[in-house]
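Below is one structure; the comments refer to it alone.
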Amino acid sequence: MTKINENNLIIFDTTLRDGEQSPGASMTQEEKVRIAKQLEKLGVNVIEAGFAAASPGDFKAIEAVAKTIKNSTICSLARAVEADIEKAGTAISPAKNKRIHTFIATSKIHMENKLRMTESQVLERSVMAVKWALAYTDDVEFSAEDAVRSDINFLVEVFDAVIQAGAKTINVPDTVGYSIPHSWGERMATLIERVPNSNRVIWSTHCHNDLGMAVANSLSAVLNGARQVECTINGLGERAGNASLEEIVMAVKTRKDIFNLETSIKPEFIVPTSRLVSTITGYPVQPNKAIVGANAFAHESGIHQDGVLKHRETYEIMRAEDVGWGANKISLGKLSGRNAFKSRLSELGIEIESADILNAAFDRFKLLADKKSEIFDEDLHALISEEYVAGAIDLHKLVSLKTTTETGSTPVAKIKMTVDGKELEAEAEGGGPVDATFKAIESIVKSQSELLLFSVNNITSGTDSQGEVTVRLTKGGRIVNGQGSDTDIVVASAKAYINALNKLLSKLERAHPQV
Ligand code: KIV
Ligand code: ZN
């Protein structure tokens, strides 16, 4: 279990749980394991791998992460409900270091309208939840959901009771992203001062970004005694997201003069981790995002460029290479064989047990290497995601696509695809080749879904780079993200659309922890 050390800031990553609550960001078991391995490499202390009671798929994914990861603590979220806690405890049981994170809402608005429980019932249930969780691990974290709008006296009472019951970490969430830095810090300081035996536990903060202050609020809590921050890669998470791990870590490191704290994060893995999470979830990183955005270290104005050339620190407070920029390596090329391919995947933490999947992935790699002379690690991650997704849910498959565009004429797409093994063809016109392609696919599938987002990014630099396309579709309240990559962005778009349709039409359902 994590030891209390005043000079150590525990990094609790919830990309695989709160991050997964972003619309359409659901991950498969293989994807969760891949991200967890990268988080372990990054040096994250606690990985919240999911919410075991959400779905059998999430249970299995947490179990798989628990079996794989050795250096980080593996945690499952659980409502303060015995059946949830039992599932969480069972899912994390293979882990070397395991934690149950149980929570219940403590604000009047949540207790009355959502839980329909009185204060004393919530108090009693909180204690029971910690006791149930202790049957599976002595590393139990308790969260008071919507702590930001909870009565401070009631919070003190609940935290006192759960500490007495054996909770080791007390998490104070700003569930709705309502706070501002000075009052959030003040709340943390008041709780630490007023809750009896507060020095026996680790105080944690979990902030949402609805007003754009998740990172600032978290850091203010740290300045006032929090020694665990709950955060996500790229700030992914419910609604406007969570505090972003890279910003927290680099703020604490760059302003050591103010925080005087250490984390176990290895910053050189920040950018590769950000890229991996973006590829897998289909959430592109905005170019001006701090630390991991494409422009985070780009100096555009002449005065800035001149200053940086003369003396780097004139305009740079961090070095791009220290957070992993420029780390993308040419991995493989046209002449690389199956063994080189397999061993590079294994260096990237990707172990493919099925010979069929490995063969199919290798065939795709060869096709890609024919079009693109240098294959980067990012290309391999995109390729593997696609292979697993195609193998897992393949109701619809792309066979071939031909698009015709010419200035002054209407673009046309001709598509051949299989639906449940049967080959079908369609042709459609559109405003552009992508529009025509989507219309052609729809004329076959007739999904009646609505397109919420279409975005294209290049995976690496250069015009021969693969385009990575995300398509977000919704139907009947469900939202899914589909991804596709190819050196031809229209083909990548078709793959992404078909991938989204496969997810949308599959039966995969997840419960939401807050409901
Ligand atoms: O935002 C929140 O309150 C949560 C809890 C479950 C910790 O995610
Ligand atoms: Zn949250």
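Counting starts at 1 for both ligands and their atoms, in listed order.
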Donor-acceptor pairs under 3.5 Å, side chain of residues 128-137 to any protein atom, not counting sequence neighbours: which ones?
from	atom 1	to	atom 2	distance (Å)
Thr137	OG1	Lys98	O	2.9
Thr137	OG1	Asp139	N	2.9

For ligand 1 and [X], I'd like to know whether there is a polar contact (N/O to N/O, distance under 3.5 Å).
X      : answer
Asn171 : no
His206 : yes
Ser143 : no
His101 : no

Closer than 4.0 Å to some heavy atom of [X] - which atoms of ligand 1 meet that?
X      : value
Thr175 : 1 (O), 2 (C), 3 (O)
Glu145 : 3 (O)
Pro173 : 3 (O)
Asp18  : 8 (O)

Task: For ligand 1, the portion of His110 having any non-hydrogen atom under 4.0 Å away - done: neither

- [ ] Record the part of Thr14 in heavy-atom contact with ligand 1 below 4.0 Å; permitted values are side chain, backbone, both and neither.
- [x] neither

TODO: Report the residue from Ile47, Leu276, Ile69 that forms a side-chain contact (heavy atoms from CB on, under 4.5 Å) with Leu39.
DONE: Ile47

Does atom [atom1] of [X] have more than 12 heavy-atom neighbours, drawn from other residues, nucleotides or ligands, at distances under 6.0 Å?
X      : atom1 : value
Phe259 : CZ    : yes
Lys289 : NZ    : yes
Glu124 : CD    : no

Open item on the list: Among Gln21, His208, Arg239, which one puts a heavy atom closest to atom 1 (O) of ligand 1?
Closed with: His208

TODO: With the Zn ion (ligand 2) at the centre, find the angle made by OD2 from Asp18 and NE2 from His206, to 10°.
DONE: 90°

Task: For Arg194, salt bridge (Lys or Arg N to Asp or Glu O under 4.0 Å) partners two or more places apart - done: none

Check: [Y] main-chain N/O paired with [X] side-chain donor or acceptor under 3.5 Å:
X      : Y      : value
Asp174 : Ser179 : yes
Arg187 : Ala147 : yes
Glu112 : Ile109 : no

Task: ligand 1 contact by Glu238, heavy-atom criterion under 4.0 angstrom - done: no

